[in-house]
Amino acid sequence: MTHIPAQVKKAAAELIESYGDSIDYIGIYKGKQVYLYRFPKDVETGFPFYFLYDGKSVDVVSGFEALDLGSIFLHDW
């Protein structure tokens, strides 16, 4: 199990509170660690939520930009 930084968990706090603590590390993009929030299988959702962490701050990526980002990592999943 990969350690999820506290800053990433804080950025995902609303999702964690609503759906549980389910964040996966998926790789590096433009020098930032990329984490994906995994919704439970029985929950219908829209766009995925990615969290890009540079060691100090977290950028949240969702919407169509998240689909583009996800396609970069799709081959690994």
* Is the shortest heavy-atom distance from the side chain of Leu52 to the side chain of Leu69 under 4.5 Å? -> yes
* Give the cluster check for Leu67 versus Val61: same hydrophobic cluster or not, with ILVMFWY residues linked at side-chain heavy-atom distances below 4.5 Å. => no
* Under the ring pair (Phe, Tyr, Trp, His ring centres under 6.0 Å) rule, what pairs show up with a residue in residues 41-60, not counting sequence neighbours? -> Phe47-Phe64
* To do: Using a 4.5 Å cut-off on heavy atoms from C-beta on, say whether the side chain of Arg38 contacts that of Pro48.
  => no
* To do: Could you name each residue pair satisfying side chain to side chain donor-acceptor pair (under 3.5 Å) that touches residues 12-21, not counting sequence neighbours?
  => Lys9-Asp21
* To do: Give a yes or no answer on whether the side chain of Ser22 reaches the backbone of Phe39 with a donor-acceptor pair at less than 3.5 Å.
  => no
* Asked: If you look at every heavy atom in Val58 and Ala11, which pair is closest and at what distance?
  -> CG1-CB, 3.8 Å
* **Side-chain heavy-atom pair Ile16, Ile23 within 4.5 angstrom cut-off** => yes
* Interatomic spacing from CZ in Phe73 to CD1 in Ile26 - rounded to 0.5 Å -> 5.0 Å
* Asked: About how many Å separate CD of Gln7 and CG of Asp54, when rounded to the nearest 0.5 Å?
  -> 9.5 Å
* Asked: Distance from Ile4 atom CD1 to Tyr35 atom OH, nearest 0.5 Å?
  -> 5.5 Å
